[in-house]
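The structure appears below as structure tokens.
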Amino acid sequence: MFHKTVKLSSPRPELTDVPPLGLDAVALSEDYRRYFNHTLGRDEFCTSVHYMYEALAMVVRDRLLERWKKTNAAYHNNDVKRVYYLSLEFLMGRALSNAMLNLGLSDEAEKALEGLGLVMEELRDGEPDAGLGNGGLGRLAACFLDSCATLQLPVVGYGLRYEYGMFRQLVAGGKQVEEPDHWLVNGNPWELERPELQRLVQFGGRSEHYQDARGVDRVRWVDSEDVWAIPYDVPVPGYRNETVNTLRLWKSSATDEFNLREFNAGSYTEAVSEKNAAENITLVLYPNDASENGKELRLRQQYLLASASLQDVVGHWVRAHGEDFTGFADKNGFQLNDTHPSVAVAELMRLLMDEHLLGWDAAWAITTRTMAYTNHTLLPEALERWSVDLFRHLLPRPLEIIEEINRRHLLKVAARWPGNVEMRHKLSIIGDGDVRMAYLAVVGSHSVNGVAELHTNLLKHGLFGDFHAMWPERFNNKTNGVTQRRWLAMCNPALSDLINERIGSGWVTELSELAGLRAYRDDKAYLARWREVKQLNKQRLAKLVKQDCGIDFPLESLFDVQVKRIHEYKRQLLNILHVIHLYDRIKRGDTAAWTNRCVLIGGKAAPGYWMAKRIIKLVCAVAEVVNHDLDVGDKLKVAFLPNYRVSAMEIIAPGTDLSEQISTAGKEASGTGNMKFMMNGALTIGTLDGANIEIREEAGEENFFLFGLTESEVESLRPNYDPNAIIAADEDLARVVGLIENDQFCPDREGRFQAIVDSVRNPHDPWMTAADFRSYVNAQREAANAYQDPVAWSRMSLINTASSGKFSTDRTMHEYNADIWKLVPTAVGKA
Ligand code: N85
């Protein structure tokens, strides 16, 4: 791609100096009509929601662009330090409502649409989710961006512009079916292509050592196959503060040179297919949320992100400062979202040494001063390891640098543990033929953090125990959060209004102010309205369930919800065992003082994760039996919600009474769905895992349904775990297991769920489902009983919302900034 430029003798402000756009209904309506008629070329017969959404999106985008430029100017003029959040995933969801909320024009836009005979709700649904992430890790990145913009922190997100996001999940015949999510087919009004800023990324070839003109030993990467990375910028508005930060997403594209070579050799089709290979890099998001898969294409994605982003930052530096890197580390920081972008450690070294001629020590000082690493999981199957052979083949020069990083690292290990060969093997970045990316990230960073107190302690004393012994000062905790703008103000307007009535709206930017609600915990009239709002939100949720599952959820029941990725450690299986137990009680007539309950389970299984898919089948099979059994009636309803996603959670969290956070203790690093539910007044039934512990601390133990073994109990029981003895000794559990084993939920197919039963009966079951069954059932009974007292329940609900102040990403970002980044908040408009 080639961009012609013209010479400007001086800047031309008259080109860009335009009066500000109005935020009132009249201005919005006028612009809307112009976009709809002229830009999109539609007429009064057009009924497509897509074009109506798009016209409104363009109206809003113009307002964002004004502020975006001002923000960039403010950062530039103040020569601020910036932090770059490197992440393979940004699960942004929809942008329209969020942008309108943050710009403060939702009401005027609604008025404008009304005047045009349009309904905001319908237009909103015209926007596809930007599903560029798997789950918690990707959504966390999106919440971080919202909070940074709101706190006016100069933070840039760097990610990939996947053509296909997280797959769409259908349920057919009780099974998950994956469909590609071609979310860009109708265009994306929220992105701005910046081809003039494209970067060249190298793959393959070899590394060549040579002497430069001055006789200095240098290294260059030659014979590589190069790929363009083209940036697409997405605006990230702060809350009513004129700040608009940037999310920069890279799209891969073939280089012309490399096509031409093949073309001249006469192999036109080969040239075209190589072009495809280059363009394939950012084609699709890998849909694994808890296991690495070792595929070459994934490593290409990781390196493309790292290299293009670092070239962008370093290039920006050189334009302003030339080749003097003295101040670089004071003005730039990189936060690695898990190990996925951690090849950035080697890439920054390469750029500084090979391209900008720094020596090793100077380059290493800059690298370790700028890099910081966040770990999101302890699960061994999710820890990234790349085979050295694959690495060498694809990234010969970065591998060489990693080998040198490791050589120097092992000298330090030897100095710390003299004569201890075993320690050197254990702590080596390269071992068993693999590059261990987590070790590379720890060695190359000045900060390593976990995402909840328990998780960080387990990192310090488990996974990274020896590194912690070497560098205790590197380790710190940053408990996750969620943005209350999206997860309360935007998704739950009825509750927001009710809250504002008593304590004002300061909580939108200072979530701890929700504590003021506690004063109303015994105000009967207020609690009655709190219940009314919940009922209204349950109606919205029931409508979604009816639409997507065809099942009626009676509004007077306890809405019991578990939505998250399907994984054995999250124990959706424990949930369904409890559902089967309830069904068994109904069939036995054990229904005195019964609480009607609607159980909703939703989430995607990684396409290659057989057991997770089998669990979905079991949920659907149980639902089928329970929902059609005339003995059950309204006592129990079960539904599996297909295609769980950000925009679905915006309806689910407000309508939930009971939030299921039931992972095996020690396995869920933090959880963030737990926080969204709490904020919206759901009570939690949960284990002492991840941030649940901190949620319970904040809400008070009397407002949380606790069950299950602790992390240390889990680990001490493990060697002697005997699930079959537990089942034999627990009549209820024995009956539940018996019902599954006797094909009660699959009369047509004998033994369909035997593998599930086997996993529960297995003494090596890592998730120890049987161990927690009894205490889970007891906690569920407590919850059911508590629900019978509506006043007491709504009091607990209010206390949960009131206690959720800690779980704002505003607080999380504040802590990252105070402890790691040290950025100066910069208001827009400041010269
Ligand atoms: N982790 C998470 O969402 N992880 C991924 O999405 C992910 C892992 C992975 C491995 C969650 C290979 C390739 C792609 C991948 C934790 O489970 C939550 O406990 N994607 C935590 O709350 C959340 O990260 C945010 O910290």
Side-chain angles (χ1 to χ4, degrees), residues 85 87-91 131-144 159-160 162 165-167 284-295 297-302 305 335-343 373-386 437-438 441 449-456 458-459 477-483 563-571 603-609 644 646 649 661-678 686-687 689-695 711 807 809 812-813 816:
Y85 197 78
S87 178
L88 271 287
E89 307 188 12
F90 285 92
L91 226 187
L132 308 185
N134 273 283
L137 169 152
R139 183 54 229 176
L140 186 74
C143 285
F144 278 10
L160 296 182
Y162 302 109
M166 189 60 199
F167 65 80
V284 56
L285 167 78
Y286 275 97
N288 308 327
D289 76 315
S291 71
E292 51 118 17
N293 65 10
K295 291 272 170 32
L297 183 62
R298 169 77 176 172
L299 185 55
R300 282 183 191 267
Q301 292 184 337
Q302 296 184 349
L305 170 63
Q335 191 72 40
L336 306 174
N337 198 18
D338 215 296
T339 56
H340 315 153
S342 62
V343 66
Y373 158 52
T374 304
N375 173 285
H376 294 268
T377 184
L378 292 154
L379 296 186
E381 60 269 35
L383 296 180
E384 291 193 301
R385 295 184 176 90
W386 291 106
M437 300 307 274
N449 76 279
V451 291
E453 291 287 351
L454 173 69
H455 170 60
T456 299
L458 294 173
L459 283 181
N477 176 248
K478 294 287 168 283
T479 297
N480 283 165
V482 302
T483 168
V563 284
K564 49 182 81 241
R565 290 301 291 262
I566 310 292
H567 198 290
E568 289 165 279
Y569 85 77
K570 296 177 187 282
R571 296 200 297 195
K604 293 173 185 178
Y609 188 173
Y644 173 60
V646 172
M649 186 57 160
Q661 307 300 336
I662 62 178
S663 51
T664 310
K667 302 302 174 192
E668 188 71 272
S670 161
T672 47
N674 47 5
M675 301 167 184
K676 295 164 199 167
F677 283 118
M678 181 198 202
T687 48
D689 198 12
N692 295 351
I693 298 172
E694 293 160 66
I695 284 178
E711 188 274 334
F807 304 106
T809 36
T812 312
M813 291 297 86
Y816 273 82

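We count ligands from 1, going down the list as the structure has it; atoms in each ligand are counted the same way. Residue numbers start at 1 and run along the sequence shown. Every heavy atom of this structure was used, including side-chain atoms; hydrogens, water molecules and symmetry mates were not.
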To the nearest 0.1 Å, how far is [atom] from its closest protein heavy atom, and which atom is that?
| atom | answer |
| --- | --- |
| atom 16 (C) of ligand 1 | H376 O, 3.6 Å |
| atom 13 (C) of ligand 1 | R298 NH2, 3.3 Å |
| atom 12 (C) of ligand 1 | S291 O, 3.6 Å |
| atom 4 (N) of ligand 1 | D289 O, 3.2 Å |
| atom 15 (C) of ligand 1 | N288 O, 3.0 Å |
| atom 18 (C) of ligand 1 | E668 OE1, 3.4 Å |

Just by modelled atom types, is the [Y] backbone N or O under 3.5 Å from a matching donor or acceptor in the [X] side chain?
| X | Y | value |
| --- | --- | --- |
| E694 | E453 | yes |
| N477 | A452 | yes |
| Q301 | V284 | yes |
| S291 | E381 | no |

Quick one: do K570 and E668 make a salt bridge, cutoff under 4.0 Å?
yes
Would you say the side chain of L91 lies within less than 4.5 Å of the side chain of M166, judging by non-hydrogen atoms?
no
Are N134 and K604 close enough that some pair of their side-chain heavy atoms sits under 4.5 Å apart?
no
Subset of ligand 1 atoms that lie under 4.0 Å from at least one heavy atom of [X]:
| X | value |
| --- | --- |
| G136 | 3 (O), 23 (C), 24 (O), 25 (C) |
| Y569 | 17 (O) |
| A669 | 19 (O) |

Distance from L160 atom CG to L132 atom CG, nearest 0.5 Å?
9.0 Å
Does [X] have a non-hydrogen atom less than 4.0 Å from ligand 1?
| X | result |
| --- | --- |
| E89 | yes |
| A452 | no |
| E384 | no |
| G671 | yes |

Applying a 4.0 Å heavy-atom criterion (strictly less than), which segment of [X] is in contact with ligand 1: side chain, backbone, both, or neither?
| X | result |
| --- | --- |
| L137 | both |
| A691 | neither |
| T377 | neither |
| H340 | side chain |

Checking T374, V451, N674, T809 against N480 for side chain to side chain contact (heavy atoms under 4.5 Å, CB included), the one that qualifies is V451
For Y609, which residues count as a ring pair (Phe, Tyr, Trp, His ring centres under 6.0 Å) partner, sequence neighbours excluded?
H567
Apply side chain to side chain contact (heavy atoms under 4.5 Å, CB included) to L88 and N337, showing your working.
CA-CA 8 Å; L88 271 287; N337 198 18; over 6 Å; no
